[in-house]
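Each chain gets a letter, A, B and so on, in the order its sequence line appears, and its residues count up from 1.
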Amino acid sequence: MSTADGSANTDGIRLLTIRDLSVEIWRGDRIVRPVRGVSLALDRGETLGIVGETGSGKSMTGLAIMGMLPAGGRITAGSIDLDGRELVGLPAARYRAIRGNDVAMVFQDSMTALNPTKRIGEQVAEPVRLHRGASKREARARAEEMLALVGLPRPAERLDDFPHQLSGGMRQRVMIAMALVCEPRLVIADEPTTALDVTVQAEILDLLDDLRSRLGMSMILVTHDMGVIARHADRVGVMYAGRVAETGPTSELFARTRHRYTQALLSSIPSLTQDRREELFSIPGAPPDLTVVQAGCPFAPRCAAATDRCRAELPPPVTEAGGHVHSCWHPAEGPAARTRARLVVPAPAGSGPTASEPTGSGPTASGPAGSGSTASGPRLRVVDLRREHPAGGAGLFGGRRTVKAVSGVSFEVAAGETFGLVGESGCGKSSLGRMLVALDRPTSGEVIFDGEPVTRMSARALGPRRTELQMMFQDSNASLDPRMRIGAILREPLAIQGVGTRAQRTARARELLRDVGLPASVLERYPHELSGGQRQRVGLARALALDPKVLVADEPVSALDVSIRSQVLNLMRRVQLERGLSSVVISHDLAVVRYLADRVGVMYLGKLVETGTTDEVYGSAAHPYTAGLLAAIPEADPGAPRAPAAARVRGEPPSPVDPPSGCRFRTRCALATALCAQEEPPLTPVTGTHHVACHHPLGREESRS
Amino acid sequence: MTWYVLRRLAVSLLVLLGISAVVFLMLHLVSDSPGRVVLGQRASPEAVADFNREHGFDRPVVAQYVGYLGRLLQGDLGRSYKLNEDVGTLLARNAGRSAMVSLAGLVLALLIAVPLGILQAVRRNSVVDRVATAASYVLYATPSFLLGLLLIAVFSQTIPIFPAEASQSHSPWVVFTDPRAMALPVITLAVTSIAVFAQYQRSAALDQLGQDYIRVARAKGLPERLILTRHLLRNACLPLVMLVGTLVPTLLAGNLIVESLFNYPGLGLLFLNSLQREDYPVLLAYTLIGGVLTVAGNFVADVVVAAADRRIELSA
Ligand SMILES: Nc1ncnc2c1ncn2[C@@H]1O[C@H](COP(=O)(O)OP(=O)(O)OP(=O)(O)O)[C@@H](O)[C@H]1O
Ligand code: SF4
Ligand code: SF4
Ligand SMILES: [Mg+2]
């Protein structure tokens, strides 16, 4: 036997063995085969990370173990052995006795995963009553104990809360308590932190690690994030198109990546150490359709090393030393090598040292814009911008409460420059972005575009200005009219502005598609006929249709998978450089902002806490929050030094309805002093371009750690 | 919660005030000379004018409305032109009976529709679901008088188990005291609502079944039966509670047809007869009560839902 489980369950340390598992889902006339001969193994006390892109079958594998395949789904072959017991074909009643007791599951979105009309205490206690036959009182006591264990403050008082009364991170803790309350031997966590902010994600993953060792459980961690795997898994299974491409111990797999897909995947992740002058590696094409069974290696159509053999014959699993198994005819040697093309970078104005260093090919192709900036001042200037949204419900004494979404933000963007805004969800990034392109009016403050205050213009005066300020949205699926063909979508802004004849507009649309790397045939298609990456390209093309001077991109790649994400990021970077656009890139993903932006602003609770060139902010963060964010990001490299726990940001952001006095970050800051509670720190220069709003900014050594 | 209830209550009262003003004005436009109606076509114009003056019907409409409101606040709904009885007494006597029948029909409909809708959702696209859905559409498209006539033809004439006429007793408790005589009206009322309720319940339950917390319940090892009763039922019924609240006026309209079909002396029949007799005070009061019921229905539904689903309070 040369499968993953080659080492039989002799020594009793093996907890779970999945052998050649295949799953079929009948959907009317189609059969989806999301899992195709998966073999994985997990030892006691270990974490197995399952990683892969959307639709690769990660969740289905987890659900198959739980015996909870969706309607129409069944296991067609293979076995799942849990501690010597075969789970495939187990009668429903016996399976129920295992579920929630021996095997438990933590789901992704704790908002929908908790019953909204049941108190959390009851929900956590339910499995104890079910499996242990505990009395109501005993179960409640156990729930309280469990909630304390997952770090819910004052659990006794919170037992009777409803889920909506808790923050996202707290709900996810409740979810975990619910899964672990019967001390299962195996817990399957399916994207347990994908819906959470980085700082909260780090806390939750650490909590899971800690509980796993304390309760002596094993864990399957399903994720699309290689960084999470590198930091938290002992063993990895990389899935592609329903198959395990490669599996082995984490350090081994990262150090000697064998499968071509794993290599490509690792190479496409924008890292915090990525050289920004280099194009990101990207895998061409998109994952295959799982309704068809093709011969050969499923990755062959996208693989640079594919040969005729790959297209004809399915590569069998090959076991190497240390239980490293891969299924590739032409395995790679050594760690993921990043073969990247160099970008031709015209030095954008006002950018940091990186961009001003001469690149290999030099500034021969100097950008068309980049130039006009120095003479005529900044293209976009934001002055003390504020936006308050009415908060639900009036205060008890009639005073209207407001969510302070943006509270006094000022910055400038030069022509041809890209300004990145990072921050956690709810910090006001998107509110700010909408005001920049005049989709929303500020409560006070100004946005000055080419010397004119757009925020004070009448709707009529604004009309023609709008063409120069464009926005690209996170989810092009929601922002593209589903009943319009792509051609019509791209022609629409031109038609509204009365540009050209119909034929000219069509020609322009075709040109735009070419610019964003889509074939002209896309003109005739509807948005739902495109993949996520293609739709995002159309969103970019539409934003570029009127040749804007400023492009605001709000979470441009957050909805995309890693391999598609790098394609779109490369495209955006190319467009920025070629067109000399001024852009503002908004994202919660620090690596994305780092890759795209020349200068960065870090937002916290409606305020900019740090601004500077990308290198300054990422290289020598001066604000404790920035340092904490950077420390929270798991790098896709198990050898990467872990930031000391002290550098982490604790807890969750306070409510923007009543922000803390003084420094808004003080409730989560390890360095907070009495001064921080009294006085709000102003944004003050550290160096010429680097500003920070903190009473006790970090020195260079501290932030590097 | 108290705050929320008070606010909703204030809004409800304002709405009622608006309804009363509009209805009063409309009736005034339709008939600005009650004397003519009361005294008949053959009365002399002088007598009519005297009557109008005596009862204040010659005053400006706003003054009349304010007077009407004042009396309304004292519980005086006016006097019927034709029945020589206080409208209040008249309505009270009939309202109880109508309410009991409506309620019986509603309860019967819910008892059947809620489990049926959930069953359909759980076994969606099965034979049961398809048959029930098809039946719902047919019932939905059937006017209630036709349904009533069919029921009479089958259960009163072909197989004479139930009488074709409802009980004529004045007690509001006839539903319980004389169930045989009330069976057909109640069934007619129930069947017309079952179609709507079941489909509504089905889609609400389907919504909830797709939610993650159902999967979580399954992952806990709960058997399907407990998943339904402990987790699904409550969440899946919230939309129906709202619907039932807003449906109160439709129930009254249903009464109109059912009551006249089975000759049941309730509010609906009273309304129809008053319409023929041009008995405007009765019509005015009936419409107002319809308004009160609708507003109260909405109010109660909101409060019940807010109590069951505590998230509402935050966003309202
Ligand atoms: N209920 C369902 N009915 C039919 N097909 C489904 C169903 N759920 C998932 N699939 C299909 O099964 C395949 C694998 O899905 P799965 O959810 O396991 O992917 P995943 O790796 O977890 O992806 P993601 O990262 O998006 O969570 C996909 O092609 C998906 O479209
Ligand atoms: S088997 Fe061939 S196509 Fe598949 S990953 Fe390996 S080299 Fe690429
Ligand atoms: S001002 Fe004080 S609380 Fe705020 S970030 Fe600096 S040290 Fe922390
Ligand atoms: Mg998944």
Side-chain angles (χ1 to χ4, degrees), chain A residues 28 59 62-63 65-68 70-72 92-119 122-131 160-165 175 178-179 181-182 184 187-188 190 391-396, chain B residues 1-8 10-11 120-126 129 204-242 304-316:
Chain A
S59 298
L63 290 173
I65 300 170
M66 292 293 291
M68 282 172 46
R94 306 230 346 244
Y95 225 130
R96 278 203 302 272
I98 292 177
R99 247 183 250 145
N101 196 16
D102 293 319
V103 188
M105 193 150 185
V106 176
F107 291 86
Q108 171 173 351
D109 187 353
S110 57
M111 186 72 237
T112 58
L114 292 174
N115 185 339
T117 60
K118 254 180 173 319
R119 296 174 198 281
E122 271 176 72
Q123 298 194 49
V124 174
E126 197 168 19
V128 190
R129 300 204 47 180
L130 187 71
H131 294 293
D160 291 326
D161 279 3
F162 287 95
H164 73 268
Q165 292 169 291
M175 249 323 282
M178 207 158 75
V181 71
C182 285
V187 57
I188 303 172
D190 190 352
L396 199 57
Chain B
M1 192 71 200
T2 336
W3 192 237
Y4 174 78
V5 171
L6 286 179
R7 256 187 305 153
R8 291 289 297 119
V11 171
Q120 280 183 265
V122 172
R123 304 218 188 297
R124 69 177 159 286
N125 297 334
S126 67
D129 181 28
L206 270 182
D207 264 7
Q208 295 299 319
L209 278 175
Q211 298 283 317
D212 270 352
Y213 71 83
I214 297 290
R215 282 209 293 169
V216 170
R218 227 165 257 150
K220 284 176 176 174
L222 283 177
E224 291 299 310
R225 184 177 44 82
L226 286 185
I227 294 177
L228 295 186
T229 52
R230 283 203 202 154
H231 290 276
L232 180 81
L233 193 63
R234 183 173 181 152
N235 290 301
C237 283
L238 291 180
L240 194 61
V241 171
M242 289 298 275
V304 167
V305 168
D309 185 350
R310 308 302 291 269
R311 283 168 305 179
I312 304 253
E313 196 181 348
L314 289 183
S315 53

Distance (rounded to the nearest 0.5 Å) between A:Met178 CE and B:Lys220 NZ: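 Answer for the CE-NZ pair, A:Met178 versus B:Lys220, is 4.5 Å.
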To the nearest 0.5 angstrom, please state how far the CG atom of B:Asn235 sits from the CG atom of A:Asn115.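 The distance works out to 4.5 Å.
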Sort out for me which of B:Gln208, B:Gln211, B:Arg230 touches chain A most, counting heavy-atom pairs under 4.5 Å. B:Arg230
Only one of A:Glu126, A:Gln123, A:Met105, A:Met175 passes side-chain contact (heavy atoms from CB on, under 4.5 Å) with B:Val216; say which it is. A:Met175
Is it the side chain or the backbone of A:Leu63 that comes within 4.5 Å of chain B heavy atoms, both, or neither? side chain
Against chain A, label B:Ile214 side chain, backbone, both or neither, depending on which of its atoms sit under 4.5 Å from a heavy atom there.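 For B:Ile214, neither part sits under 4.5 Å from chain A.
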